[in-house]
Structure formats: C-alpha cells, structure tokens
Amino acid sequence: MESQIKAIHQQLVSKQITCTALVQEKLDLLKQNTHNTVNSLLEESALAAAAKVDAKIAKGEEIGLLEGIPFGIKDVYMVQGTYTTASSDLLKNYKSAYTATAIQKLLDAGAIPLVKENCDSFGHGSSSENTIFGAVKNAVDANLVGGGSSGGSAVNVAKDYTVFSIGGDTGGSIRQPAGYNNIYGLKPTYGRISRYGIMAYASSTDCVGPLAKSIEDIRIVLNVMSGKDGKDQTTYASEAIGEESIATIDGVKTVGYFKNFIESDAIDTTVKADFLAAVEKIKEKGIEVKELDFFKSDTLVSTYYTLAMAETASNLSRLDGTNYGNRIEDKNLKETYAVTRSENFSEETKRRVVGGNQVLSQGFSDAIYLKGLALRDQIAENFEKDFQEVDIILSPVTPAAPPVIGDSLKDPLAMYLSDEYTVGFSLGQLPTLTVPQGTVTGLQITAAKRNEEQVLKFANFLKDTL
Ligand code: GLN
C-alpha cells in the first residue's frame, strides 16, 4: 500500500476531489459503522476546516501535505472543547479544556480530526471491550475483538474510515490492535513525542503514536508529532526522518529474535511456524539472524503489570469527582469519593487501582514495587547488550489470533498474559513497529532507542521480502 496521505494530497491539489466531499464521506462511514469505533464525532469542526481547505485551493493557494487529511484520535487525548471520556462513565460528560501537544502539531499542519475513538477505558485492556461504548469489533472478522486498548483507532484505519489515527501505547496498545487488524502501528521511543495532553495511564511507559496503512504515512505523521516540548520534561529533540533514508536496507546487517518467545507454551503453532518461515526468508536475503536470550514472558508480564498498576493507581487518584467527572454525592466527603469512584470506574480499572495501591503500600512496596523497578533496569540493560550484537529485534506481536468477543472479559489473567511480546519493549522504552506481515497478527520490528529510522528501513525491506 502506497501513501494515502500523498495520494489524497494529489487529488485535492489537482481538484479531482474536494476536501468537503472527502470529509463528508468519511463522516458518513463513521456514522453508519457497526464496529463501535466512535465515541464522539467532530462533525461541525471537521466540515468547517474542510471548507477552509477548499477555499484555499480554489484561490490557487498552496496547501501542506497534511492539510485536509482526515484522521482519528483515541478518546484519551485532550482536544479543546471535545468530549474526552477515556471510554469511562466517570468522564462521560467531560470536555477537554486544552489540546494535547501531539494533536496540536497535527492541527497546525492542517490535518482534520473527525472522531474521538473507542478504546479500553483509561487504556486498561487488550481487547477494547472494557468500554462504556460497546466492544470494538475486529475489522477482518466482526466476531473477534478489535484489540486494545487503541481498538477503535485500528479498526477505523483498517476500514478506511480515517486515513490515519493517533493511538496511545503503554504496553502494546498501538501495536497489538494494529496486528489484530492487519495495519501498521508505531510505538516510538519513549520521549520522542510529547505526552502532554494524553490522559496518563502509566507515565513511565505511555507513548503517543500513529496507526496507518503504509510505512510512508507512519513516517510523515511521526515526523510532524515528534520533538521536544517544554510541557513534557521527558521529551527530546529528534531529526525528521527522510523518505530516502529509509528506502534502502544499508546499515541493517544482523537481526535477532528471542528464542524463549518462540518456544513459549502460549504460542500458537501456526504463529510459530510462520514466524520461523519469515526468519528463513530474511536469511535468504543475506541478513544474519541470531537467536537471543531474554527474560521469561511471565517475568515481563508481571514486571509490567506491577509498575503499570502502581502508576495508574497514582494517576487516577485525582479522579474523585471534585475537579473532574461525574460526582455522586453521599453522606460525607470520604463516602462521596468512594461512591463516585466505585460507581464510575469499570471492574478492570478498579482491579488495577486496588492492585496498584497494594503494590505501593507500606510493607509491600519493597518486596513488590522496588523489585519491579530493579527488574525493569535489568530488562533495559539486556536490551542495550542485545543492540551491541544486532541491529533489529524481530518478534511476533501476539502469541495467537484475536480472541472472540467476550472471552477476555471472562479471564483477565489470560488477557494480561497475551501481552507477553509487547510489554518488554515498553519497559525498555524502545521504538517498535507492528507490520501486517509474517504472522496472522503481524510482526514487531524493534531497534535501539531513538532509532526509528532503522525500524522503518527494516519495515520497507520486509514489505518487499515477505
Ligand atoms: N494491554 C496492556 C494493558 O492493559 C497495554 C495497554 C496499553 O498499552 N494502554 O495494560
């Protein structure tokens, strides 16, 4: 698939289509869709923005590459004046007071947001069933889950309801739904894109990233959103990645994969066979492939969930009905907080808040939380060593095909374990891209920190190789 952004830009400039007609067509598709991808539509503002783009073109003025391109936004991003619900009862009526930096950069480039997209509430989940707006249905087979937590975003892109969407990835929430719906999804290096204005889940691994149907569109959107931001102290300045610099494979000589990922009990036999077949094709192209040792999947999953739950318990403590959200009054202030939170948070969110507070509480924090932090350091060190030996780490995205709607809700532990291939790269803060090739849920390409260029290079190579 070639760049849709470039194709649409060409059509707009050559007056083959109007921006208004394009935006209207996508809004109609979103309205009629039965996959539960929409939390709210931004119809009025989108049509007004489209009219402005059309007026510019009519006057013969130049337009930028992203100008007039319709996109979607996971419903955890602040966009001033829009409902920002995090798919929760608590924030069902909450409207953003300001706009997230990453989204503002896209608005400044002229891209047009159409929709706030359905997702697991507060990013808590791997299936987009933990939402008050109805389970997101998979783009390929509507009986299956859309994946999570950025499920609405992935399905909208896969179904061409949006040209690209902006998801959020704390432990896999861009990469896994991208894999479940056969599209591209990038989790950049932690800090490359500002987190200012994304609702915090686990601040130490939260990342902003794009989902799209081509590598080129991922590159374009990534470049626009990247950069240092005074409002997020963890951001760093990065250079734009050029189209030519990712066209060739030079610089990528060695690829590694984790033996234990492939030998895990959980992996589906077809996923395993397909992954190993992809490895063979890569070898045939003259690239060296090495087996690497890594932490056991259950260690990765428990380290991630220990830290993620601790951080979310802390981040969500501000949501007590005082400053934000649906307040439920009770006999005194303490009861008001308790009732507001217990009535308005989902079962899954409450499980994480309770778990997180336990992990952080006196008497437990040394044994659990501090141990989690130490393990995270060891995981990061392991990656550093690996990247002295290999240029790219390749892995499956998930151990199996997407589950049927309903199954994950019955067994949260099984859902957590299905994140075994994505969470490690989050703890390592590495750039990781899902490509829709290789296995039924795609492949994950990971490089050393700040090396998105290498990731996109290898994605182009795989596109021609597999
Ligand atoms: N599935 C993982 C979780 O529930 C990741 C979610 C995310 O990246 N937001 O924590």
Side-chain angles (χ1 to χ4, degrees), residues 73-77 86-88 117-131 135-136 145-154 165-180 185-188 190 193 195 198-211 266 297 300-316 345-353 355-356 359 372 376 397-400 402-403 407-409 411-434 441 444:
I73 304 174
K74 182 179 185 180
D75 201 8
V76 291
Y77 284 94
S87 296
S88 69
E117 298 166 320
N118 200 358
C119 55
D120 285 302
S121 192
F122 297 104
H124 296 160
S126 315
S127 63
S128 291
E129 295 170 285
N130 173 28
T131 159
V136 176
V145 302
S149 64
S150 312
S153 309
S165 285
I166 304 305
D169 189 311
T170 304
S173 280
I174 290 175
R175 291 162 284 154
Q176 187 255 39
Y180 277 6
L186 175 71
K187 180 200 94 65
Y190 180 78
I193 301 177
R195 284 175 293 118
I198 182 176
M199 226 175 270
Y201 165 13
S203 310
S204 72
T205 60
D206 284 347
C207 287
V208 176
L211 299 104
S297 310
L300 297 173
V301 170
S302 42
T303 304
Y304 166 76
Y305 275 98
T306 299
L307 299 178
M309 287 190 188
E311 290 188 38
T312 206
S314 165
N315 277 324
L316 295 189
F345 279 146
S346 68
E347 286 308 306
E348 184 58 37
T349 293
K350 282 187 271 192
R351 192 160 22 244
R352 292 173 188 222
V353 168
V359 163
R376 184 224 293 263
V397 180
T398 60
D407 282 1
S408 304
L409 293 179
D411 191 351
L413 197 58
M415 182 182 79
Y416 300 163
L417 288 170
S418 76
D419 294 335
E420 62 180 320
Y421 300 149
T422 53
V423 294
F425 301 118
S426 295
L427 293 169
Q429 306 193 324
L430 303 172
T432 309
L433 174 75
T434 287
T441 61
Q444 253 184 128

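None of these values were measured; they are calculated from a predicted model. Start at 1 and go down the list; that is how both ligands and their atoms are numbered.
Closest to atom 3 (C) of ligand 1 among all protein heavy atoms lies Tyr305 OH, 3.2 Å. In this structure, atom 10 (O) of ligand 1 lies nearest to the protein heavy atom Tyr201 OH, 2.5 Å. The closest protein non-hydrogen atom to atom 5 (C) of ligand 1 is Tyr304 OH, 3.4 Å. Looking only at heavy atoms of the protein, atom 7 (C) of ligand 1 is closest to Ser173 OG, 2.3 Å.
In this structure, Pro402 and Thr441 have side chains that are in contact, with non-hydrogen atoms separated by less than 4.5 Å. Here the side chains of Arg175 and Phe425 are in contact, with some heavy-atom distance below 4.5 Å. Side chains of Ile166 and Val208 form a contact here, defined as non-hydrogen atoms less than 4.5 Å apart. When side chains are defined from C-beta on, Pro403 does not count as touching Met415, because their heavy atoms never get closer than 4.5 Å.
Checked by distance only, ligand 1 and Gly171 come closer than 3.5 Å through their nitrogen or oxygen atoms. Polar contact with ligand 1: present for Asp419 (N/O pair, distance under 3.5 Å). Among the atoms of Gly125, some N or O lies under 3.5 angstrom from an N or O of ligand 1. When only interatomic distances are considered, the shortest N/O to N/O separation between His124 and ligand 1 does not fall below 3.5 Å.
Note: Phe345 and Phe122 meet the aromatic proximity criterion, with ring centroids under 6.0 Å apart.
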For the pair Asp120 and Ser126, evaluate side chain to side chain donor-acceptor pair (under 3.5 Å) and give the outcome as yes or no after the intermediate values. CA-CA 7 Å; Asp120 285 302; Ser126 315; over 6 Å; no
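Here Arg352 pairs with Glu348 in a salt bridge; the nearest charged N to carboxylate O distance falls below 4.0 Å.
If you number the atoms of ligand 1 from 1 as listed, the ones under 4.0 Å from a heavy atom of Asp169 come out as 8 (O). Near Gly172, with a cut-off below 4.0 Å to any heavy atom, the atoms of ligand 1 are 8 (O). Close approach of ligand 1 to Gly123 is summarised as follows: ligand atoms under 4.0 Å from at least one heavy atom of the residue are 4 (O), 6 (C), 7 (C), 9 (N).
The shortest heavy-atom distance from Arg352 to ligand 1 is under 4.0 Å. Within the 4.0 Å heavy-atom shell around ligand 1 one does not find Tyr416.
Shown here are the ring-ring contact (aromatic ring centres under 6.0 Å, His included) partners of Tyr77, two or more places apart in sequence or in another chain: there are none. Thr349 meets the side-chain hydrogen bond (donor to acceptor under 3.5 Å, both in side chains) test with His124, Ser346; sequence neighbours excluded.
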